[in-house]
Participant: 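Structure provided below as structure tokens; questions to follow.
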Amino acid sequence: MKQTYINELSQHVGAEVTLKGWLYNMRSSGKLMFPQLRDGTGIVQCVVLKKAISEELWEALKGLGQESALIVRGTVRADERAPGGYEIDVSDAEVVSPTHDYPITPKEHGTEFLMDHRHLWLRSRRQHAIIKVRHTVIKAVRDFLDNDGFTLADSPIFTPAACEGTTTLFEVNYFDDEKAYLTQSGQLYNEATAAAFGKTYCFGPAFRAEKSKTRRHLTEFWMVEPEVAYATLDDVMNLSERFLSYIAARVLDQRGEELKVLERDTAKLEAIVPPFPRLHYNDAVRMLQEGHERGEIETRFEWGGDFGSPDETYLSGKYDKPLMVHRYPAAVKAFYMARDTENPELALGVDVLAPEGYGEVIGGGERATSLDFLREQIALHQLPEESFDWYLDLRRYGSVPHGGFGMGIERCTAWMCGIEHIRETIPFPRMLYRLKP
RNA sequence: UCCGCAGUAGCUCAAUGGCAGAGCAUCCGGCUGUUAACCGGAGGGUUGUAAGUUCGAGUCUUACCUGCGGAGCCA
């Protein structure tokens, strides 16, 4: 019997269909029961009249627990009383596998319990909605870049050296002669592919061995990193702006139902359209200091540092669009950043701070082009130059201005969904103290 | 790593230093339109671990374990 999916029911009103799924919830009275069936595309309420089916089947259905696997045959009927607008008048059913004592009940649970049962938690309505939004964010990312002339050229996951700091690397003992690490960014490799293809991106997992315990951190997360040859800082900012706007528009267009489940204020997403406000680091510092004088911020921010989480929240709170802060002190940024010709102390980097306290969703900028300058920086940061030989070749052979950025998929998804913690935006989160399931 | 909070039934939580409790879930029974259905009944406990104070500790003290929130760091 051909399977019909719940999200297609509107095309089958009046027809007999076969649904295959799991029991989401069950209510029953003496001669009538209302099993709700879930099949991954939606949830539909079924109506079973005792007199419409056999005695054996009635008894079998009566004893079913939540998440029992079930095939149901019946007629589709539009009904205002049903959540979702459609109901199935059941004529026959088959119990594929009965279940009892499903751990996650339709009541409240704590985070630890739910995370221990993450493999089951994904079946719930809210988690289902979040992962669907994540899927759409990723699809939008790929469509935007593919349609904009970018070529996917993924970077390796095993790397011989740090890309940025060395303290946050996961070491792998496998390769005979040298230590290997899990990648924390595909950035350096992107610069090589950008010189080959012009506009490239990589998209994959990144690993940070940070002892971070906040709602914005995972030890394993997914990152998309576009890189463009001949791009300046302004080009990078323009690209970020179009990129984020495209993602928000796509989520609004295709995930309306899910945003409703998540009770997301969609006006916040509709506001994400170009142009985004752009703020020079110096002006951001001034705002923070004025905020301190007015008593809105506890500690006074001094020029030269990187913004802390409360600083970011304060700044982005002034706008209802993502805020682009550019030209940070070079001392707090990565070694490969290009310098501002007007003030060599400043790096041509940009952080895009999402509104509503979601923090930095994009970090990027223009890369340094001079061989001598990079050698100097590598020595200054006490990095092993031999590991960067191939990277320096990019400056030896046809070095041009170029730039790009990285965006964390989970942070972006959390922002789109309007949820508190990014641990819910990836099917199986890896965090400090969380390796299972 | 640092600061703060928490750990009691499968789950969410109560319990002045004095008999270990409720709702949900589970099991049994009832109900022909339920929306986290409802009504009646039953089973379910080494109060995170170890020590200490006390006639008596879920409750007070110390250490440890686990988790949560935040900071730093970052996307």
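Convention: sequence-line order gives letters A, B, ...; per-chain numbering from 1.
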Participant: The side chain of A/H217 is closest to which nucleotide in this list: B/A75, B/G33, B/U26?
Facilitator: B/A75
Participant: Determine whether a donor-acceptor pair (one donor, one acceptor, N or O, separation below 3.5 Å) exists between the side chain of A/E112 and the base of B/U66.
Facilitator: no
Participant: Which nucleotide in the list B/C11, B/A75, B/U34 gets nearest to the side chain of A/E360?
Facilitator: B/A75
Participant: So if I take every side-chain heavy atom of A/R411 and compare against B/C74, B/U34, B/U32, which nucleotide ends up nearest?
Facilitator: B/C74
Participant: Checking all strands, does A/D351 fall into the base, sugar-phosphate, or nothing category for heavy-atom contacts under 4.0 angstrom?
Facilitator: nothing
Participant: For A/R216 and B/A71, is the shortest distance between a side-chain N/O and OP1 or OP2 below 4.0 Å?
Facilitator: yes
Participant: How is A/I409 classified with respect to the nucleic acid when contacts are heavy atoms under 4.0 Å: base, sugar-phosphate, or nothing?
Facilitator: nothing
Participant: Do A/E293 and A/Q289 have side-chain atoms, one donor and one acceptor, less than 3.5 Å apart?
Facilitator: no
Participant: Any chance you could lay out the side chain to side chain donor-acceptor pair (under 3.5 Å) test for A/T193 and A/T200, step after step, and finish with the verdict?
Facilitator: CA-CA 6 Å; A/T193 59; A/T200 57; 3.1 Å; yes
Participant: Picking from B/A75, B/G33, B/A71, which would you name as closest to the side chain of A/P310?
Facilitator: B/A71
Participant: Looking only at side chains, do A/T232 and A/D234 share a donor and an acceptor under 3.5 Å apart?
Facilitator: no
Participant: Tell me which residues in residues 219-228 of chain A lie within less than 4.0 Å of RNA chain B, going by non-hydrogen atoms.
Facilitator: A/F221, A/M223
Participant: Regarding A/G65, tell me which of base, sugar-phosphate or nothing describes its non-hydrogen contacts under 4.0 Å with the strands shown.
Facilitator: nothing
Participant: Less than 6.0 angstrom separating the ring centers of A/Y102 and A/Y24, yes or no?
Facilitator: no
Participant: Any luck finding a side-chain donor-acceptor pair between A/S185 and A/E225 under 3.5 Å?
Facilitator: yes
Participant: Any strand is fair game: report the nucleotide pairing with B/G7 by Watson-Crick or G-U wobble, both distances under 3.5 Å, or none.
Facilitator: B/C65
Participant: Nearest to the side chain of A/F34, which nucleotide is it out of B/C74, B/U34, B/A25?
Facilitator: B/U34
Participant: OP1 or OP2 of B/A71 versus the side-chain N and O atoms of A/S309: is any pair under 4.0 Å?
Facilitator: yes
Participant: If you count the non-hydrogen atoms of other residues, nucleotides and ligands that lie under 6.0 Å from CZ in A/F158, is the total more than 12?
Facilitator: no
Participant: Name the orientation class of the two ring planes belonging to A/Y281 and A/F301 (parallel below 30°, tilted from 30 to 60°, perpendicular beyond 60°).
Facilitator: perpendicular
Participant: If the cut-off is 4.0 Å, is A/R423 near the phosphate of B/G69, judged by side-chain N/O to OP1 or OP2?
Facilitator: yes
Participant: To the nearest Å, give me how far apart CG (A/L64) and P (B/A25) are.
Facilitator: 16 Å
